[in-house]
Number of protein chains: 2
Amino acid sequence: MRKPTINDVANLAKVSTATVSRVINKQDGIKTQTKERVQKAIEQLSYIPNALARSMVRKQTNTIGVIIPDINNPFFPLLISGIEQQARKKSYFTILCNSNESPEIESELIQVLLERSVDGLIITTADEYGHQLQPVIERKIPVVAVDRQIKNFEVDTVLVGNVDGAYQATRHLILQGHTKIAIIRGPQKTTPGYERFAGFQRALEEYKIDLDEGYIIEGDFKEQSGYEGTKRLYSLKEPPTAIFTSNNLMTLGCLKALTEIGWILGEQVGLIGFDDLDFAEFVNPPLTVVSRPMRQLGEAAFDLLYAQMTSEGDWTKRHYVLSPEIKIRQSCFLKSPNQQK
Amino acid sequence: MRKPTINDVANLAKVSTATVSRVINKQDGIKTQTKERVQKAIEQLSYIPNALARSMVRKQTNTIGVIIPDINNPFFPLLISGIEQQARKKSYFTILCNSNESPEIESELIQVLLERSVDGLIITTADEYGHQLQPVIERKIPVVAVDRQIKNFEVDTVLVGNVDGAYQATRHLILQGHTKIAIIRGPQKTTPGYERFAGFQRALEEYKIDLDEGYIIEGDFKEQSGYEGTKRLYSLKEPPTAIFTSNNLMTLGCLKALTEIGWILGEQVGLIGFDDLDFAEFVNPPLTVVSRPMRQLGEAAFDLLYAQMTSEGDWTKRHYVLSPEIKIRQSCFLKSPNQQK
DNA sequence: GTGAAAGCGCTAACAT
DNA sequence: ATGTTAGCGCTTTCAC
């Protein structure tokens, strides 16, 4: 009734545990005959090796931890798929954790992952200063930061070009004839929040367009803030003719507000969002967006982590920056006469 | 440079490992003074207990495995959130795995989870016959099936009323005056696929509407099949005036096809989907759907698992069925004159 | 080619 | 109130 152990197998097969261990681990130097006897015993007992015990002696778990801030953001499942796919190839197992954008939960999760002796960590942190990572760094556990940088520690990082993407988005708006352009930006203490705003600014400066303070809305990357921000914008004496939303959730919120208040997309207001949405094509008119190669981001992150985990001695930290792509659909053209085209 | 162990702490604090263990586990019966000494040592070494070692002796990991078939289906993140939230309350840790709808991967994952000695398993299986679960059942590891039943074993189950939801959806279509109603159904070997079709049939029978064989499209719950199914429907000599899609991804595919072929939603064809979509309100016209309480599903699943894990002796298997709700928006009204209203 | 035995880091009796 | 010690199930020298 007890879970069978390597001992039970050894007894049944009339060999030592060492031999069983060798069979399990596919080491050679074992007579075919005994090997088969062992395999039959394993079969009979439906023995499953205990990974905990193995990890204790090997001092490695073949497990990596992945911490993401919001599993309900469609961005992350794709990222996760990318990570898992690569991990699976190298037979690493992934433990996925959701910090829910809370630095406290993130700290707890790190603690728990450390207790469970993960071999490495991939993280999109909820707090870019990264004090939470202290224990990880201390133990020299391989880490890679995805999508958001860590300020306090020098760690491997994989990002997409935020400044670049936001710059392109804003320029697109400008080239459509918009001059009253608003941004619903993310928290300025996060890299994406900060950089996307920087790209936005750069485009405006380059085209010598003034930035009205009232056109800057402080969001938090969640739907609700996009929703409220849009309403705020609409209530301005002079509402913008175009909005750049800094992430998909806020784009969604913006869209909801637009519909609700009857601010007509593509006629009275243009919109471009950072990050694609699976339904962007069904919005009326279809939504123009900055799209990020999320899956590749995940793949690159694991590859980097793997390189780190398997490298001996010193490791030189690397930063990868992938390029976003702007998907032009139709939400940025304005049909009103005072806009060109 | 080595990870500090309980021994290091004991030495530094000049106590035995047993005492350190007691402090770590917050057992009382320890002089405040020594306790503090131990805590200081822990602090100084930034010691983190090794959960592997602990689990080995305790024979429990406080970890549950969760296997879902498709992390990119917006349904599952919600489910996961529900599970995690409850798990966290009872300080259980969740390992999330994605089978990608593959029974083979699912088997592997189960194997790995078993190797890692999870205390329980929550699963939405990729193969409802459930042979993969054999080893889990054998070891008497608590399991709960979510959203899809297991045919070969009697296990705790949490579902939503598929028949009911599909029945309501179809009836809604009928009451809008539709008689040429098609269904894009899921694989008939899965419970949701089968039951949703049954609900569909029941409504038609009840209202004495004939079911044209050509109106039954065999999908696989993925976007592509919804897309292709819709095109097939359109190419019929006599296309249906309404479509019931059996899950969100196929609804999405259907929508894409509709747009592409110019089959106008709400004018030439009505649509109701099983499962809500975050953008259902932005479709033109807004999409009517059958909505499932996904978060609650997850909560209920963990609660059930927890009850099982903490119960002594025999456990009577339970089945919970939560009720879906139909969210009426506007995609089912037809504007053409030969339909009532 | 195979076995004996020493741990891995921790907990839980059992002593004291 | 605290210490001693025997494992938990496995891998890995080191012998034979």
Side-chain angles (χ1 to χ4, degrees), chain A residues 1-39 41-42 45-63 111-119 139, chain B residues 1-39 41-42 45-63 111-119 139:
Chain A
M1 206 69 287
R2 224 179 68 271
K3 273 202 265 184
T5 73
I6 200 172
N7 264 300
D8 302 325
V9 177
N11 289 153
L12 183 58
K14 310 266 182 245
V15 295
S16 73
T17 60
T19 302
V20 178
S21 176
R22 289 183 185 109
V23 173
I24 292 170
N25 295 291
K26 302 189 198 314
Q27 302 179 28
D28 39 30
I30 300 232
K31 238 194 299 177
T32 323
Q33 208 180 40
T34 45
K35 193 201 291 189
E36 279 166 359
R37 224 170 52 242
V38 171
Q39 280 164 339
I42 288 177
L45 298 171
S46 53
Y47 164 74
I48 294 187
N50 182 329
L52 302 181
R54 169 182 295 158
S55 294
M56 271 201 61
V57 7
R58 291 227 184 121
K59 291 181 168 327
Q60 86 167 51
T61 54
N62 261 268
T63 301
Q111 167 88 17
V112 176
L113 290 174
L114 251 24
E115 287 178 357
R116 288 190 171 44
S117 307
V118 292
D119 295 339
R139 273 142 216 272
Chain B
M1 205 72 284
R2 225 179 66 271
K3 273 202 267 181
T5 73
I6 199 170
N7 265 300
D8 303 326
V9 177
N11 289 154
L12 183 58
K14 309 262 180 251
V15 295
S16 72
T17 60
T19 302
V20 178
S21 177
R22 288 182 186 110
V23 172
I24 293 169
N25 295 290
K26 302 191 198 314
Q27 302 177 30
D28 39 31
I30 300 233
K31 237 194 299 178
T32 324
Q33 208 180 40
T34 47
K35 193 199 292 187
E36 278 166 0
R37 223 171 51 243
V38 171
Q39 280 162 338
I42 289 177
L45 298 170
S46 52
Y47 163 75
I48 293 187
N50 183 330
L52 302 180
R54 170 183 295 158
S55 295
M56 272 201 60
V57 9
R58 289 226 186 124
K59 292 181 166 327
Q60 84 166 52
T61 54
N62 261 270
T63 300
Q111 168 89 15
V112 176
L113 290 175
L114 251 24
E115 287 178 356
R116 287 186 169 50
S117 307
V118 291
D119 294 339
R139 274 142 215 272

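Chain identifiers are assigned alphabetically (A, B, ...) following the order of the sequence lines, protein sequences preceding nucleic acid strands; residue numbering begins at 1 within each chain.
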Legend entry - Heavy-atom pair with the smallest gap, counting every atom of B:I6 and B:Y47: N-CE1, 3.5 Å
Inset, instruction - Have a look at B:V15 and say if it touches a base, only the backbone sugar-phosphate, or nothing, with a 4.0 Å heavy-atom cut-off. - result: sugar-phosphate
Inset, instruction - Would you mind telling me which residue lines up with the more 5' stretch of DNA chain D, B:R37 or A:A51, judged by nearest nucleotide? - result: B:R37
Legend entry - Nearest-nucleotide pick for B:V57, side chain only, options being C:dG3, C:dG9, D:dC10: C:dG9
Inset, instruction - May I ask you to evaluate whether A:S16 reaches the phosphate of C:dG3, defined as a side-chain N or O under 4.0 Å from OP1 or OP2? - result: yes
Inset, instruction - Would you mind telling me which of C:dG3, C:dC10, D:dC10 lies closest to the side-chain atoms of A:T5? - result: D:dC10
Legend entry - Heavy-atom closest pair, residues B:R116 and A:N62: NH2-O, 3.6 Å
Legend entry - Residue whose nearest DNA chain D nucleotide is more 5′ - A:M56 or B:T34: B:T34
Legend entry - Any B:K59 side-chain nitrogen or oxygen under 4.0 Å from OP1 or OP2 of D:dG9: yes
Inset, instruction - Report the nucleotide, chosen from C:dT11, D:dT2, C:dT2, that has the shortest atom-to-atom distance to any side-chain atom of A:R22. - result: C:dT2
Legend entry - Short side-chain N/O contact from A:K14 to OP1 or OP2 of C:dT2, under 4.0 Å: no
Legend entry - Contact under 4.0 Å: A:R58 side-chain N or O vs C:dC8 OP1/OP2: no
Inset, instruction - Verify the neighbour count for atom CD of B:Q33: are there more than 12 heavy atoms of other residues, nucleotides or ligands below 6.0 Å? - result: no
Inset, instruction - Determine: side-chain N/O of A:N25 to OP1/OP2 of D:dT11, distance under 4.0 Å, yes or no. - result: yes
Inset, instruction - Indicate whether OP1 or OP2 belonging to D:dT11 is found under 4.0 Å from a side-chain N or O atom of A:S21. - result: yes
Legend entry - DNA chain C: 5'-proximal contact among B:R54 and A:K35 (nearest heavy atom): A:K35
Inset, instruction - With rounding to the nearest 0.5 Å, note down the distance linking CZ in A:R58 to CG in A:N25. - result: 4.5 Å
